[in-house]
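Proteins come first, then strands; the chains are lettered A, B, ... in the order of their sequence lines, and each starts at number 1. Hydrogens, waters and symmetry mates play no part in the numbers below; they use all other heavy atoms, side chains included.
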Number of protein chains: 2
Amino acid sequence: MNAHAMQPFTVRATPCADGANLVEISPGLRLQGFVMTFEENEEVFGEEEPADFVYKVVSGVCRTTRLLRDGRRQVSAFQLPGDVFGLERGVTHRRSAEAVSPCDVALVRSSVLRRAMDRDALAANQVWALTAAELERTEEHLLLLGRKTAAERVGSFLLSLSQRCGSFRTLDLPMSRSDIADHLGLTIETVSRTMSLFVRQGAIGLESARCVVLKHRDALTDPS
Amino acid sequence: MNAHAMQPFTVRATPCADGANLVEISPGLRLQGFVMTFEENEEVFGEEEPADFVYKVVSGVCRTTRLLRDGRRQVSAFQLPGDVFGLERGVTHRRSAEAVSPCDVALVRSSVLRRAMDRDALAANQVWALTAAELERTEEHLLLLGRKTAAERVGSFLLSLSQRCGSFRTLDLPMSRSDIADHLGLTIETVSRTMSLFVRQGAIGLESARCVVLKHRDALTDPS
DNA sequence: CGTCCCCTTGAGTTATTTCAACACTCGTGG
DNA sequence: CCACGAGTGTTGAAATAACTCAAGGGGACG
């Protein structure tokens, strides 16, 4: 189901918190937009759909995914509050995006952003920096998928998520084992076993399946 | 060995073919620069080195790589003639680059490019498009590394290289099995075995280890 | 209280790696 | 001209990391 198709009918757009419907794409680049709410696992946009909007997570967590025909799935990245996603070079989205948890997402029309970029070199440079940062994260993830073991993948994932969340001790995982597995190129069983291994080693504690206590960060650190 | 350190001493800079030392970073964005020649396996720049230059392949092939401390290596991408690489958001390179084959590479000072981007929205947008295209290719590669089998990886690689080269029947591989393996997250033995499998299946022919004849593209196509 | 979904754990399987040996190519030097 | 050695690629056999299949546990929610 395409969330956009519903937009004119389900009036879920609301003004942005920071004033007159303005969305801050990057520091100093505010554009007209609106906020939509998505529930868990609801699609934000689909592969091959027109890329009419650019998105920024206000609250909650999203994921961008690619599928093979036989159903194998790769979760390219998780988007945390503040992250921008769905910005494309062409006219269609090349992957789909869904809400991992209930989400508020700010939308800005791609055409509005494009116009700002065409007019204003500063805006264009800020958007470039966003894309370049995303490229950096993606290349880091290439190394993880290409050359790290299951334990290193899970360890790297927990550390990087805790850094992005700013939570240094207790880490609440918003996503399922299945999401983690498809992000790390593993199966849910391997993710689960690896977590259990870390618990046995005393590297982490599991208050619940979704609540991790980081006890010895060094034990999770890999030889990067 | 750092190629830049040598630059003042080994005068390898030569004027660009297209006139007054101008390097075409993208269509319509020409900046002052110069050309350097690298021999096979010579380092173009190293991880953590100052990112003083941006590079564009004139002839030959380069690779960008990341290393883990224990020597495991991930080849992020191969750069073919016309490809731009080494453009960073920060002040240092986050991976190293080496020549896969003897190369002519055009260099433009990062500061020169930055100035053009700051001054000129069109330039900034063209550079954004370059980075966004690189991100697209990198995300495609995520799917390969995360979810494809060895045969699918090698098949995808051969097809994508042939498309980039514009060579639809005979494909000359400029890189070693080791480079291919580290790009595809496999070992050299698995790459070799997979190629042999394709030969036995009649999907390709191997005139030599580095010269592939694509016989049945369909047999290499994966369920993407 | 039952049901569903998510997660965990165990046992057996398999794709890929590891280790080892051998073949081929190419340049050098006898 | 051929022998030699180094680098690169191929192939086989054994080992293993991760997967698959299957069963059971636990929490949330009606």
Ignoring backbone atoms, test whether B:Ser196 places a side-chain nitrogen or oxygen under 4.0 Å from the OP1 or OP2 oxygen of D:dT11.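 Affirmative; the distance criterion is met.
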For C:dT17, take OP1 and OP2 only and decide whether either is under 4.0 Å from a side-chain N or O of B:Thr190.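 B:Thr190 to C:dT17 OP1/OP2: side-chain N or O found under 4.0 Å.
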Check [Y] with [X], please: is the shortest side-chain N to carboxylate O separation under 4.0 Å?
| X | Y | answer |
| --- | --- | --- |
| A:Arg72 | A:Asp182 | no |
| B:Glu140 | A:Arg66 | yes |
| B:Arg164 | B:Asp83 | yes |
| B:Glu47 | B:Arg95 | no |

Rounding to an integer number of Å, can you tell me how far B:Asp70 CG sits from C:dT17 C1'?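 From B:Asp70 CG to C:dT17 C1': 15 Å.
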Please give, in whole Å, the distance from D:dT10 P to B:Leu173 CG?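 Atom CG in B:Leu173 sits about 10 Å away from atom P in D:dT10.
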For the side chain of [X], counting heavy atoms from C-beta on, which of [options] is nearest?
| X | options | result |
| --- | --- | --- |
| B:Leu206 | D:dT10, D:dC19, C:dT8 | D:dT10 |
| A:Glu189 | D:dC19, D:dC21, C:dC7 | D:dC21 |
| B:Thr187 | D:dC19, C:dT18, C:dC7 | C:dT18 |
| A:Ala209 | C:dT8, D:dG9, D:dA18 | C:dT8 |
| B:Arg210 | D:dT11, C:dT17, D:dG9 | D:dG9 |

Under 4.0 Å, counting only non-hydrogen atoms across every strand here, what does B:Ser208 touch: a base, just sugar-phosphate, or nothing?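 Result for B:Ser208 = nothing.
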Is it the case that C:dG10 (base atoms only) and A:Arg193 (side chain only) share a donor and an acceptor within less than 3.5 Å, ignoring hydrogens and angles?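 Answer is yes: a donor-acceptor pair is held.
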Any donor-acceptor pair under 3.5 Å between the side chain of A:Arg177 and the base of C:dT9?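 Per atom types, no contact qualifies.
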Pick the nucleotide of DNA chain D nearest each of B:Glu40 and B:Arg147; which residue has the one closer to the 5' end?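 So the residue in question is B:Glu40.
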